[in-house]
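Quick notes on the structure that follows.
From a predicted model like this one, the values you see are computed outputs, not experimental measurements. Below, chains carry the letters A, B, ... as their sequence lines are ordered, and counting in each starts from 1. Scope of the values below: all heavy atoms of this structure, side chains included, with no hydrogens, waters or symmetry mates.
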Amino acid sequence: MDVQVPVSLPVWDTDTLGFWEGAHNHQLMVKRCADCGYVIFPFTPLCRRCSSFNQDWVQSSGRGLIYTWTTVYLSTRPEFVKDIPYSLAAVELEDFPVRIPARLKGVEPGAVHIGARVEVRFEDLTPEVSLPYWIPAGGNI
Amino acid sequence: MSLAAEAVLKASLDAGIDVKEIDGIVTYQYNNDSIRPQEVAQALGLPGMRFWIENWLGGTVGAILLSTAVMAINAGMANNVVVYRSARHKSGRVRIGGSGASADTGGLEQFLVPQGWANFFTSMAGQAVRHMHDYGTTEEHLGAIALNAYGNAQLNDRAVAKGWGPKSMEEYLKSPYIAYPFRRWDFTSEVDGACAYLVTSAEKAGSLKQKPVYISSLAQAATPDPMHYGRSAHYDLIGDNPVRGAGSYYADDLFGAAGVSRDDIDVLCAYDHSSIAVIWELEDLGFCAKGEGGPFAASGAISRTGKLPVNPGGGLIAEGYLHGTNLVIDAVENLRGTAGARQIPDASVGMFVSGAGPVGGSGILTVR
């Protein structure tokens, strides 16, 4: 008997909807203060620099550098058991001063290094939900 | 429930105070993993409750709990306050390891769990990798922290790791990764358990059967980007200043108020949800320079006979994850001279740390 292993789907809210709408269109979006230009992550409802509630979602190039990483060898959740070992990174975007949590694909376990160039791709988990992942830019890491 | 009530009852028996004299309760929980103070009061039949508070979140609140008890007593709102932490992290619904029945994928977690940042140790591992990159911290440095914890736990009958764990660096290095650079030994041990301690006025404490331990100072701080640490501690990965924790913001207040120096600390009960956390604390609190935490630990300075004995009971790594409240108790018992086989001889100034990241606090405790 096949056992259906559930995936973990993101639960978005009004502060984060723009990111997931962008992901659905395979675009990486970040939130920027419409008044002072500060880039906000995590996506709080107001600017932590100038307190403005005016915000825009802007598209990133989807390219960045690995700020740090790890390779996971033990999964505590059933949906990731099939992926072990898999690698994760914090990616520093090339066009906005934020570091975002990332899943890496197309890399050898443990063979990741800080400063490596990566670029975003998207996987359609369901008809409604797409999830970003990152691969080595130019195929090498 | 029975764990919490038993811990509170045993704390009062240990102190030589009638449990019915407890009129204040301070506790905390994480995602409903504990029992309400009102329920504990009901079970123990406390007739005169006047003050209670239940904080949320994890080990970062340890110093705040003690501060709250002190403020309640100083304000005349309670006389005898018990602080407890009770948790079912091994058998309960909410597991620290992230393997509970349902993953929370809202809030900050929507950017983490669905991508595979599925638990606490993956995030701490990423932060350890960055520390290794910036400062040359090595796996042997992490191993020195883990081996110190497991070695000390062998002297502690309460420790879940008594009778097992790595015995040598070679054995440590040969064991598999759970998330690079962590091995199983670098991470705290999930437990079902409870612990409790009593806070009262200095005058009252002097009349009880145990040697009193006095609070010399308490301090806590949040960095300017505290939620980057988030519920699962992932977010200082993406913070503006990811390698400087709360300790660096409050350390001068803490030592200044107590009137002691780093060299005066006889026993340090450091918050060790992971081995790297101890390295951050040693640096943030000024026991060594930034980036020197690994070599400091590996030098033997943190051993029972070193200049700064760390976690003589095995800490959260090897005694068990009671979220830092057990660290306060380890410090208290060493200062009273009642720590048995794990006693640090002649300890008179002790310190506990609550949390290692962008939010946290510490306390300095003394005996006279």
Side-chain angles (χ1 to χ4, degrees), chain A residues 6-13 15-17 19-20 23 41-44 48 66-81 83-93 97-105 109-115 123 125 129-134, chain B residues 95-134 175-184 187 190 224-232 234-240 242-243:
Chain A
V7 293
S8 294
L9 295 175
V11 177
W12 51 70
D13 52 61
D15 296 332
T16 65
L17 182 60
F19 179 87
W20 295 109
F41 191 89
F43 301 133
T44 46
R48 63 193 295 262
I66 290 180
Y67 176 76
T68 193
W69 63 277
T70 182
T71 297
V72 180
Y73 296 87
L74 173 74
S75 178
T76 54
R77 298 212 58 82
E79 62 269 36
F80 300 116
V81 169
D83 298 342
I84 288 173
Y86 64 88
S87 296
L88 301 167
V91 172
E92 198 156 65
L93 301 183
V98 289
R99 302 179 194 130
I100 63 172
R103 172 72 172 268
L104 298 175
K105 292 191 178 178
V112 186
H113 62 90
I114 287 172
E123 173 189 11
L125 287 183
V129 181
S130 302
L131 200 62
Y133 64 92
W134 298 71
Chain B
R95 295 189 64 179
I96 290 294
S99 58
S102 62
D104 183 351
T105 55
L108 299 171
E109 299 290 355
Q110 67 189 283
F111 302 102
L112 297 164
V113 172
Q115 298 192 82
W117 292 91
N119 55 48
F120 195 64
F121 64 74
T122 52
S123 55
M124 304 313 288
Q127 294 166 66
V129 168
R130 185 68 202 192
H131 198 276
M132 294 164 83
H133 174 266
D134 287 348
S175 57
Y177 294 123
I178 55 171
Y180 174 80
F182 289 152
R183 296 160 170 90
R184 186 259 167 274
F187 222 71
E190 256 182 353
D225 51 357
M227 279 314 286
H228 283 180
Y229 200 57
R231 179 149 51 80
S232 293
H234 302 72
Y235 271 74
D236 57 344
L237 277 182
I238 55 167
D240 298 334
V243 290

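- Under the 3.5 Å distance criterion, the side-chain polar atoms of Y73(A) are left unmatched by any main-chain donor or acceptor of P176(B).
- For the pair T71(A) (side chain) and Y180(B) (backbone), a donor-acceptor distance under 3.5 Å is absent.
- Separation of the W20(A) and F111(B) ring centroids falls under the 6.0 Å cut-off.
- Summarising the geometry of W117(B) relative to A90(A), their closest heavy-atom pair is CZ2-N, 4.3 Å, with the distance given to 0.1 Å.
- For P109(A), no part lies near chain B; criterion is any non-hydrogen pair under 4.5 Å.
- At least one side-chain heavy atom of R130(B) sits less than 4.5 Å from a side-chain heavy atom of I114(A).
- Taking CZ from F43(A) and CG from L108(B), the interatomic distance works out to 11.0 Å, rounded to the nearest 0.5 Å.
- Applying the side-chain hydrogen bond (donor to acceptor under 3.5 Å, both in side chains) test to D83(A) and every residue at least two apart in sequence or in another chain returns R103(A).
- Contact of L9(A) with chain B is made through the backbone alone, with heavy-atom distances under 4.5 Å.
- Exactly one of L74(A), V72(A), T70(A), T76(A) qualifies for a side chain to side chain contact (heavy atoms under 4.5 Å, CB included) with I178(B). That residue is L74(A).
- Closest heavy-atom contact between Q115(B) and A102(A): OE1-CA, 3.5 Å.
- Nearest heavy-atom pair, P114(B) versus S8(A), reported as atom, atom and distance to 0.1 Å: CB-O, 3.2 Å.
- Between the T68(A) side chain and the G126(B) main chain, a donor and an acceptor come within less than 3.5 Å of each other.
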